[in-house]
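Read through the structure below, which is laid out as structure tokens, and then see the notes.
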Amino acid sequence: MAPPRSFLWARRIFLTLLTGFVLVPVYVMVSSSLKPLADVTGTFRWLPSGLTIRPYIDIWSTVPLARYFVNSLIVSAAATVCSVVIAVFAAYAVSRYDFRGKRVFTVTVLSTQMLPGILFLLPLFLLYVNIGNATGIALFGSRGGLILTYLTFSLPFSIWMLIGYFDSVPRDLDEAALVDGCGPLGALLRIVVPAAVPGIVAVAVYAFMTAWGEVLFASVMTDDTTRTLAVGLQGYSTLYDVYWNQIMAASLVVSVPVVAGFLLLQRYLVAGLTAGAVK
């Protein structure tokens, strides 16, 4: 039975309003990034009187955006790789083996997601400073310290999600691999991991996006040489002026890696999140 015309019109109106709600801010960002600063700070016009690509050139000299970009890329990529590797082994152990404290471990992993991140800011700061004073290992103000910080947030969710995904992979595959001569590690790497690629990709995307756009810890745990993009964008706001057109241009530039990665991995991301949610 075809739906009534009133329902079809209501759906069209709702989808149109939703599309406008999503696209209007994007249009404002794009148009503002192509305007001179005087036009951005003045009365807003939906149709720009003049367009210029100068803001996209100036963003690299107003602040050291390239350095911030490299820092964010290194920190996000390292945090993603470490999170995925550790989560794969931890989730496989929980999914396939029974051991004492298994339930306590899973509950503890989930419970860490209930606490706001700001509660960990001061303890981590004091911990990094004390470790640096005692051992000489510079965690505060370094990329390594920021990577460890991001692991405290992405790793618990990654483990929990992969546990559900590994549970959906039949154990008969593991047993068949063991019969063929593979050990537990070989069964994991040759059988389970290829079958769990969508879930692993979903975890990787989550970990990367968490690290790429994080502001709170990056603003405290970094210095001028290790500052990331999320914090570095504040440099376009000075004591005397705010370069709104450059802020918009830089925001669009730094969002390109995340958007491109999401579009390329969308199929795996949706499949992984769905499977993890069902289990």
Side-chain angles (χ1 to χ4, degrees), residues 59-91 93 105 108-162 200 203-239 243 246-247 250-251 253-258 261:
I59 58 176
W60 305 100
S61 57
T62 303
V63 301
L65 188 65
R67 184 173 66 198
Y68 299 157
F69 191 93
V70 172
N71 290 336
S72 290
L73 189 61
I74 293 176
V75 170
S76 300
T80 300
V81 172
C82 293
S83 181
V84 169
V85 172
I86 298 174
V88 164
F89 287 100
F105 174 78
T108 302
V109 167
L110 283 177
S111 64
T112 58
Q113 302 300 301
M114 300 170 58
L115 303 175
I118 195 172
L119 292 180
F120 300 95
L121 181 60
L122 183 58
L124 285 175
F125 172 79
L126 296 176
L127 183 63
Y128 288 174
V129 172
N130 291 330
I131 290 177
N133 294 334
T135 64
I137 301 176
L139 293 177
F140 176 74
S142 67
R143 295 170 179 168
L146 197 59
I147 293 170
L148 290 177
T149 301
Y150 290 155
L151 284 178
T152 62
F153 301 102
S154 62
L155 192 56
F157 178 82
S158 301
I159 294 174
W160 172 75
M161 182 175 175
L162 284 182
I200 295 175
V203 166
V205 171
Y206 167 79
F208 187 88
M209 293 180 63
T210 300
W212 186 263
E214 201 279 326
V215 177
L216 176 62
F217 288 88
S219 62
V220 177
M221 300 294 186
T222 59
D223 54 24
D224 292 338
T225 59
T226 59
R227 190 165 295 161
T228 59
L229 283 171
V231 181
L233 292 179
Q234 300 176 4
Y236 294 105
S237 176
T238 65
L239 182 63
Y243 301 99
Q246 295 187 37
I247 292 177
S251 300
V253 169
V254 302
S255 64
V256 168
V258 176

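Computed from a predicted structure; not experimentally measured.
Residues Tyr243 and Ile59 fail the side-chain proximity criterion, which asks for heavy atoms closer than 4.5 Å. Using a 4.5 Å cut-off on side-chain heavy atoms (C-beta onward), Phe157 and Thr210 make no contact. The shortest distance between side-chain heavy atoms of Leu126 and Val129 does not fall below 4.5 Å. By the 4.5 Å heavy-atom criterion applied to side chains, Leu216 and Phe120 are not counted as neighbours.
Here OG1 of Thr225 is found 8.0 Å from CZ of Arg143. Values are rounded to the nearest 0.5 Å. To the nearest 0.5 Å, atom CG of residue Leu162 and atom CZ of residue Phe89 are 12.0 Å apart. Rounding to the nearest 0.5 Å places CZ of Phe125 at 12.5 Å from CG of Leu139. Here the OG-OH distance, from Ser76 to Tyr150, works out to 7.0 Å after rounding to the nearest 0.5 Å. If you take OG1 on Thr152 and CD1 on Ile147, they are separated by 12.5 Å, rounding to the nearest 0.5 Å. Note that CE of Met221 is 5.0 Å distant from CG of Leu124, once rounded to the nearest 0.5 Å.
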Set out, in order, the CA-CA distance, both residues' side-chain angles and the distance that settles side-chain contact (heavy atoms from CB on, under 4.5 Å) for Leu65 and Leu229, then state yes or no.
CA-CA 7 Å; Leu65 188 65; Leu229 283 171; 3.4 Å; yes
side-chain contact (heavy atoms from CB on, under 4.5 Å) between Trp60 and Val253: does it pass, once the steps are laid out?
CA-CA 11 Å; Trp60 305 100; Val253 169; 4.2 Å; yes
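With no hydrogens or angles considered, no side-chain donor-acceptor pair links Asn71 and Arg227 at under 3.5 Å. Side-chain contact check for Ser158 and Ser83: at least one donor-acceptor pair (N or O, by modelled atom type) lies under 3.5 Å.
Annotation: Trp212 is not in aromatic contact with Tyr68 [ring centroid separation under 6.0 Å not met].
Smallest separation of non-hydrogen atoms from Ile247 and Ser251: O-OG, 2.7 Å. The two atoms that bring Leu155 and Ala87 nearest to each other are CD1-N, 3.9 Å, heavy atoms only. Here the closest heavy-atom approach between residue Leu146 and residue Ala218 is recorded as CD1-CA, 4.0 Å. When all heavy atoms are compared, the tightest approach of Asp223 to Gly141 is OD2-O, 3.4 Å. The two residues Ala79 and Leu151 come nearest to each other via the heavy atoms O-CD2, 3.6 Å. What you find for Ser142 and Thr226 is that their closest heavy atoms are CA-CG2, 4.1 Å.
Judged by distance alone, with hydrogens and angles left aside, the side-chain atoms of Thr62 form no donor-acceptor pair with the main-chain N or O of Tyr236 at under 3.5 Å.
Heavy atoms of other residues, nucleotides or ligands lying less than 6.0 angstrom from CG of Leu119 number more than 12.
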